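This one's a predicted model, so the numbers in the text were calculated from it and none came from an experiment. Note that these values count all heavy atoms, side chains included, but never hydrogens, waters or copies made by symmetry.
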Amino acid sequence: MFDIHREELDWGGRTLTLETGKMARQADGSVLATYGDTKVLATVVSAREPKPGQDFFPLTVNYQEKTYAAGRIPGGYFKREGRPSEKETLVSRLIDRPIRPLFPDGYKCETQVIITVLAHDLENDPDVVAMVAASAALTLSGVPFMGPVGAARVGFVDNEYVLNPTVDEVKESALELVVAGTGDAVLMVESEAKELPEEIMLGAVMFGHRHFQPVIEAIIKLAEKAAKEPRNFQPADVSEVESKVREIAEADLRAAYKIKQKQSRYEAVGAAKSKVKKYYEELALDGTKVPTAQVVSDVFKALEAKIVRWSILDEGIRIDGRDVYTVRPIVSEVGILPRAHGSALFTRGETQALVVATLGTGEDEQFIDSLEGTYKEHFLLHYNFPPFSVGETGRMGSPGRREIGHGKLAWRAIHPMLPAKHEFPYTLRVVSEILESNGSSSMATVCGTSLALMDAGVPLRRPVAGIAMGLILEGEKFAVLSDILGDEDHLGDMDFKVAGTEQGVTSLQMDIKIAGITEEIMKVALTQAKDGRVHILGEMAKALTTARAELGEHAPRIEVMKIAVDKIREVIGSGGKVIREIVEKTGAKINIEDDGTIKIASASGDAIKAAINWIKSIASEPEVGQIYEGTVVKVVDFGAFVNFFGSKDGLVHVSQMANERVAKPSDVVKEGDKVKVKLMGFDERGKTRLSMKVVDQATGEDLEAKAKAERDAARAAAPAATGDEAGAAE
């Protein structure tokens with residue numbers, strides 16, 4: 001019934017198995033990949049013919065995690081998987097990026113790759129397994145795919161690279177890098193690092209590339225046994241159209257791409273395109289057979305790319321007149337929004353990001369429901385890209401894959417530089433609003449986030465900046481471009497984003513639009529990116545060099561205290577009655593953790609102090625020798641009873657009310673008076689003894705301690721007796 005084919009190999013100390021022929025047999029390609037006890041099913045289906053008028057390659061990649069894979073039931077009301085999680089979206093992008101460049105130009109049949117996680121052993125992350133399975137399924141499908149692609153995760157522990165570290169090993173690693181590519185070159189890199197030098201990052205990329213070669217070989221062996229017949233796809237011959245379009249539009253396009261201002265340049269390019277369109281429309285009116293509008297449009301776009309590329313390679317001059325190394329003018333501003341906890345406006349050329357930081361408490365942490373379990377995230381970074389940022393109209397809705405991906409890239413860049421949670425116990429939310437875009441708004445987000453957090457008083461270890469690099473590659477000739485424009489991104493061969501501090505790289509992302517790049521090109525790009533990053537950090541320093549010493553006026557203050565675990569129940573109270581009362585009456589937010597750590601937050605220092613005192617009165621015991629503020633609750637003939645520690649009462653004997661003799665306690669205090677008392681100790685019956693006379697009632701100063709300090713100082717200042725004087729005295 002089943003025609004099963006299988007390949008196995010030892011990969012990073014675990015067995016990787018690729019199997020086809022048993023599951024999802026009606027798909028064009030289907031592969032079940034197993035690594036450890038993690039199992040992933042990848043399927044590929046591609047339409048036989050493109051839709052009429054299709055002007056792009058409709059490739060869709062959907063990675064989905066089923067909670068049954070980890071023996072869990074989904075949270076929420078409906079108890080079934082819903083919209084894709086952030087991780088599912090990010091992994092879908094991770095798989096899409098290396099496979100998309102390997103489809104031939106002109107192939108426009110709708111293609112869908114669906115990857116489903118069937119089992120997760122909680123040790124081996126399914127994302128890399130999913131990339132391998134998708135590559136294998138495409139290779140077997142018969143679809144024109146210039147693969148296969150391999151992928152690997154690389155860690156860096158104890159100054160050594162680790163292949164495919166487990167989930168627990170990643171937590172101890174200074175690097176988490178995912179790399180994908182073919183047998184000859186690298187296609188995609190995604191990473192987060194703890195300020196590692198460029199040579200370590202490059203070494204990690206090449207380490208991963210070397211170690212996924214056995215996977216590519218295994219896919220090829222499986223394809224030799226089980227691949228379907230390749231589809232007959234031949235790109236159309238458009239040489240005549242290319243020649244005519246170049247004749248009509250080349251001069252106009254060359255002139256257009258000398259215009260530095262983006263919108264004016266677009267208008268000039270549009271005029272050249274209209275000229276070509278008009279030529280073919282007039283031919284059609286005469287009855288001449290003409291190519292389709294889509295063919296003409298594709299040829300025109302290709303000519304645009306060639307003109308930009310020729311200019312850069314031959315003259316070293318870019319669209320806006322810069323050389324390949326220069327970064328566009330930068331303006332950094334902070335404190336833009338008066339009520340925000342921290343804000344920054346970062347402008348680089350025609351790219352502008354308004355970034356706003358908000359500080360919250362433990363109540364604001366986000367619960368993440370993943371296959372590994374539910375955990376809380378205290379650093380949130382949200383990226384928004386409205387259509388007006390590129391001078392267009394468009395639909396406004398929930399964030400798409402692009403917004404989620406760009407936001408996560410900036411998150412990875414900043415995350416290694418955040419203070420430890422116990423040092424700065426705030427939930428951090430950053431929102432990046434892209435107001436203008438013409439080249440790498442994600443790297444503008446990195447720079448703006450660094451400034452906004454420092455403006456909010458978040459003690460980043462060091463400021464972080466990011467830069468986007470481009471590549472023009474023709475044969476053996478190439479040029480690496482610093483701080484690319486949007487057009488250079490679209491018409492170039494690489495988008496290479498590097499973020500970090502002056503000391504090292506914190507994030508690296510690379511996407512290649514051609515069949516891959518070499519180690520030499522990556523080395524040049526990393527070196528050039530470092531120079532650009534240091535320059536940008538210098539421009540950012542004109543606005544702010546380090547975190548502000550104080551939090552913003554409107555930011556909450558958080559104080560941390562600790563109580564005994566067995567006192568937690570008393571602070572919370574039956575059904576939460578006590579903690580609700582404290583919150584209601586003091587106005588402070590209170591978060592209690594299982595280990596007895598309590599975080600009290602409020603914009604008012606008085607509210608925090610009141611909440612701390614209240615909690616201490618429940619969970620602590622008063623200390624002998626300490627001074628407290630109390631309230632007189634009863635006056636009697638022999639003294640006054642004072643409530644001084646929440647529910648704690650003690651007696652101030654009449655002899656302890658004042659230094660002079662007091663005839664009647666009521667002459668000194670009355671019920672309701674606020675007094676300052678010192679806890680002197682407890683009598684033989686356990687009754688609390690308090691004193692008012694040893695405390696300055698105006699300042700709260702300990703008069704006993706003050707008098708002792710004065711005596712000690714006088715004794716130290718007195719001249720020591722000489723030996724003769726000592727003998728005479730005897």
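A salt bridge links D127 with R153: the closest approach of a Lys/Arg side-chain nitrogen to an acidic carboxylate oxygen falls below 4.0 angstrom. Using a 4.0 Å cut-off between a side-chain N of Lys or Arg and a carboxylate O of Asp or Glu, E436 and K262 do not qualify as a salt bridge. Contact check on R401 versus D96 returns no salt bridge, with no Lys/Arg side-chain nitrogen under 4.0 Å from an Asp/Glu carboxylate oxygen. Using a 4.0 Å cut-off between charged nitrogen and carboxylate oxygen, K599 and E593 count as a salt-bridge pair. Contact check on D364 versus R429 returns no salt bridge, with no Lys/Arg side-chain nitrogen under 4.0 Å from an Asp/Glu carboxylate oxygen. Note on R462 versus E195: salt bridge recorded, some NZ/NE/NH1/NH2 to OD/OE distance being below 4.0 Å. Note on D595 versus K562: salt bridge recorded, some NZ/NE/NH1/NH2 to OD/OE distance being below 4.0 Å. By the 4.0 Å N-to-carboxylate-O rule, E584 lies too far from R580 to be salt-bridged with it. Checked for salt-bridge contact, D168 and K171 meet the test: a charged N lies under 4.0 Å from a carboxylate O. One finds a salt bridge joining E190 and R412 here, because a Lys/Arg side-chain nitrogen approaches an Asp/Glu carboxylate oxygen to under 4.0 Å.
When all heavy atoms of V154 and G208 are compared, the closest pair comes out as CG2-CA, 3.7 Å. Pairing each heavy atom of S332 with each of A543, the nearest pair is O-CB, 3.4 Å. Pairing each heavy atom of L175 with each of S191, the nearest pair is CD1-CB, 4.4 Å.
Between H415 and W411, the ring planes are parallel. Angles under 30° get that label, and only those over 60° would be called perpendicular. Using the six-membered ring where Trp is involved, H406 and Y383 have ring planes that are tilted, between 30° and 60° apart.
With D369 contributing its side chain and T374 its backbone, the two residues share no donor-acceptor pair below 3.5 Å.
Residues P387 and T393 fail the side-chain proximity criterion, which asks for heavy atoms closer than 4.5 Å.
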